[in-house]
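This report concerns only the one structure given below.
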Amino acid sequence: WVARWHSGQWHRMGDHDFDARVYCLESYHGDDYAGGGFTEYGGDIMWHLARWRNGEWEAAADGGPECYTCYPSRILALKAHWDGRLWVGGNFDKINGMVTYNIVAWDEDDGWQSVGQNLGQLQPTERELTCFENTAGSLYFGGDFLTVDGENALGLGFTQSGAYLH
């Protein structure tokens with residue numbers, strides 16, 4: 001479950017439990033989002049991304065990360081970004097049939113959007129994106145991956161345009 005600190009004590013957020021871990025939280029467009037390995041909350045299907053609204057968690061998006069070449073699929077990092085999207089990282093290779101390795105952007109109006117398909121794709125072992133940071137007009141990301149779009153990265157990459165990974 002998820003808790004918030006208010007008035008000097010912890011308060012549970014929601015009446016139910018997620019069926020697996022919540023790894024990250026982020027505020028985006030006035031709502032709080034949770035990402036993790038969960039696929040269900042209180043009997044409702046939620047593919048790794050939930051939004052806190054009206055005192056309860058709800059599915060933030062239709063569909064979500066899937067993993068055909070890795071296990072388990074999960075969201076490990078979230079970051080609201082200057083480009084108006086919520087950047088999502090983790091361990092996955094598809095979202096709603098779109099091939100995207102471990103990094104994608106999400107927006108309430110346009111849904112899931114590819115931001116580069118090849119974060120760690122060429123690695124034979126586990127690969128995942130575990131953190132984001134906004135600094136000086138760039139979005140940096142780190143994790144357990146060796147390549148970004150076929151170039152050596154050794155676990156660290158960035159984007160300046162919001163559309164192309166380095």
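Rounded to the nearest 0.5 angstrom, H29 NE2 and D109 CG are separated by 8.5 Å. Of the inter-residue distances, the one linking E133 atom CD with S138 atom OG reads 11.5 Å to the nearest 0.5 angstrom. To the nearest 0.5 angstrom, Q9 atom CD is 11.0 Å from R4 atom CZ. To the nearest 0.5 angstrom, Y23 atom OH is 11.5 Å from I75 atom CD1.
Partner Y101 forms a side chain to side chain contact (heavy atoms under 4.5 Å, CB included) with one of I103, V104, V99 and no other, that one being V99. Checking E58, H16, E56 one by one against Y41, the side chain to side chain donor-acceptor pair (under 3.5 Å) holds for a single residue, E56.
Here the side chains of W106 and I95 are not in contact, with every heavy-atom distance at 4.5 Å or above. Counting heavy atoms from C-beta on, the side chains of W57 and D44 never come closer than 4.5 Å. Put simply, the side chain of Y33 reaches to within 4.5 Å of the side chain of L86, judged on heavy atoms. You'll find the side chain of D144 stays beyond 4.5 Å of the side chain of N91, heavy atoms only.
The environment of CG in D110 is crowded: more than 12 heavy-atom neighbours from other residues, nucleotides or ligands sit within 6.0 Å. No more than 12 heavy atoms of other residues, nucleotides or ligands shown are found within 6.0 angstrom of NE2 on H6. The environment of W112 atom CH2 is dense: over 12 non-hydrogen atoms of other residues, nucleotides or ligands sit within 6.0 angstrom.
Minimum heavy-atom separation, T130 to G143: OG1-CA, 3.5 Å. Closest non-hydrogen pair, R12 versus G14, comes out as NE-O, 3.1 Å. Listed here is the closest heavy atom pair of H48 and S73: NE2-OG, 3.0 Å. Between D107 and Q113, the shortest heavy-atom distance links the atoms CB-NE2, 3.4 Å. Across C67 and F92, no two heavy atoms sit closer than the pair SG-CA, 3.9 Å. Of all heavy-atom pairs between N134 and A80, the closest is ND2-O, 3.2 Å.
The closest side-chain donor-acceptor pair between E108 and Y28, if any, does not fall under 3.5 angstrom. Counted by atom type alone, T39 and D19 present one or more donor-acceptor pairs between their side chains at under 3.5 Å.
Put simply, the side chain of D31 never gets that close to the backbone of R53: no donor and acceptor are under 3.5 Å apart. When atom types are taken as modelled, the side chain of D32 and the backbone of W52 share no donor-acceptor pair closer than 3.5 angstrom.
L49 and V2 sit in two unconnected hydrophobic clusters of ILVMFWY residues. Membership requires side-chain heavy atoms under 4.5 Å apart, directly or through other members. Linking Ile, Leu, Val, Met, Phe, Trp and Tyr residues whenever their side-chain heavy atoms come within less than 4.5 Å leaves V88 and W47 in two separate clusters. Residues L78 and Y140 do not share a hydrophobic cluster, defined by chaining ILVMFWY side chains whose heavy atoms lie under 4.5 Å apart. Linking Ile, Leu, Val, Met, Phe, Trp and Tyr whenever their side-chain heavy atoms come within less than 4.5 Å leaves F145 and L76 in two separate clusters.
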Subject >> Audit row: F141, W87, ring-ring contact (aromatic ring centres under 6.0 Å, His included) steps and yes/no >> reply: CA-CA 10 Å; F141 47 91; W87 285 62; 7.5 Å; no
